[in-house]
Participant: 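Quick one: the structure is below, questions incoming.
Order of the sequence lines sets the chain letters (A, B, ...), proteins ahead of strands, with each chain counted from 1.
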Amino acid sequence: MAWTDERIEQLKKLWDEGLSASQIAKELGEGVTRNAVIGKAHRLGLKSRPSPVKSDKTKAKAPAKKAAKKEAKKFVTLLDLTDRMCKWPIGHPGDPDFHFCGRPAEPGMPYCATHCAEAYQAQPPRRDRRQTPRPPIG
DNA sequence: CCCTGATTCGC
DNA sequence: GCGAATCAGG
């Protein structure tokens, strides 16, 4: 997978959008890893985004943080989903408020623990399911 | 264990 | 130039 202008444009756009490297990697394609995205981002000269790791200093809590900004973008959309995010749909597809659960999913599962229970909920007792359909022969 | 970006290093 | 491996931190 070469870095064509299209790929680079996507990278820059998504990077600017605020998506994480891993999410951008998934957007660009399965053959791209977050390492590739980060590495390319650096070589492109993209601004080092405030990594949650480096960001520290002044532990001074910000009480006015939640009130400062307005409540925008509260929904987890399809593009926000990552492999480890719960893909449980909330609302109806097509609706403006249609979104996904988005909580950390169980490893190897498409949903979080709660929604795994929903999705893989024990089937209602199937009385017509005979436990012993065929007796062993010989 | 899950995640984040930064840097190194061989190709 | 590329990105996996590694590093450093939450």
Participant: Linking I/L/V/M/F/W/Y whenever their side-chain heavy atoms sit closer than 4.5 Å, directly or via other members, would A:Ile8 and A:Ile38 fall into one cluster?
Facilitator: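 No, A:Ile8 and A:Ile38 fall in different hydrophobic clusters.
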Participant: DNA chain B: A:Arg43 or A:Ser22, which has the more 5' nearest nucleotide?
Facilitator: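 It is A:Ser22 whose nearest nucleotide is closer to the 5' end.
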Participant: Decide side chain to side chain contact (heavy atoms under 4.5 Å, CB included) for A:Arg7 and A:Val32; before the verdict, give the C-alpha distance in whole Å, the side-chain angles of both, and the deciding distance to 0.1 Å.
Facilitator: CA-CA 10 Å; A:Arg7 246 52 62 94; A:Val32 180; 5.8 Å; no
Participant: Where the side chain of A:Lys40 is defined as all heavy atoms beyond and including C-beta, which of B:dG5, C:dG1, B:dC2 is the nearest nucleotide?
Facilitator: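 The nucleotide sitting nearest to the side chain is C:dG1.
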Participant: So, is A:Trp15 close to the B:dG5 phosphate, meaning a side-chain N or O under 4.0 Å from OP1 or OP2?
Facilitator: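 No, no such contact exists.
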Participant: Between C1' on B:dG5 and CG on A:Leu44, what's the gap in Å once rounded to a whole number?
Facilitator: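 That distance rounds to 15 Å.
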Participant: Would you list the protein and nucleotides 4-7 of chain C atom pairs, both N or O, that sit under 3.5 Å from each other?
Facilitator:
{"unit_1": "C:dA4", "atom_1": "OP2", "unit_2": "A:Thr33", "atom_2": "OG1", "d": "2.2"}
{"unit_1": "C:dA5", "atom_1": "N7", "unit_2": "A:Asn35", "atom_2": "ND2", "d": "3.0"}
{"unit_1": "C:dA5", "atom_1": "N6", "unit_2": "A:Asn35", "atom_2": "ND2", "d": "2.9"}

Participant: Inspect the surroundings of CG in A:Asp95 and state if more than 12 heavy atoms from other residues, nucleotides or ligands are less than 6.0 Å away.
Facilitator: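 Buried by this count: over 12 neighbours within 6.0 Å.
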Participant: Would you mind reading off the distance between A:Leu11 atom CG and C:dC2 atom P, rounded to a whole angstrom?
Facilitator: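 So the CG-P distance, A:Leu11 to C:dC2, works out to 10 Å.
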Participant: Expressed in angstrom and rounded to an integer, what is the separation of A:His42 atom NE2 from B:dC9 atom C1'?
Facilitator: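 These atoms are roughly 15 Å apart.
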Participant: Distance check, rounded to the nearest 0.5 Å: A:Leu11 atom CG versus A:Glu6 atom CD?
Facilitator: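 These two atoms lie 13.5 Å from each other.
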Participant: In sequence, state the C-alpha distance, the side-chain angles, and the governing distance for A:His115 and A:Met109, and then conclude on side chain to side chain contact (heavy atoms under 4.5 Å, CB included).
Facilitator: CA-CA 10 Å; A:His115 288 136; A:Met109 293 295 194; over 6 Å; no
Participant: Working to the nearest 0.5 Å, report the span between CD of A:Gln23 and CG of A:Leu28.
Facilitator: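 It comes to 12.5 Å.
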Participant: Round to a whole Å and report the spacing from CD1 of A:Ile38 to C1' of B:dC3.
Facilitator: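 My rounded result for the distance is 11 Å.
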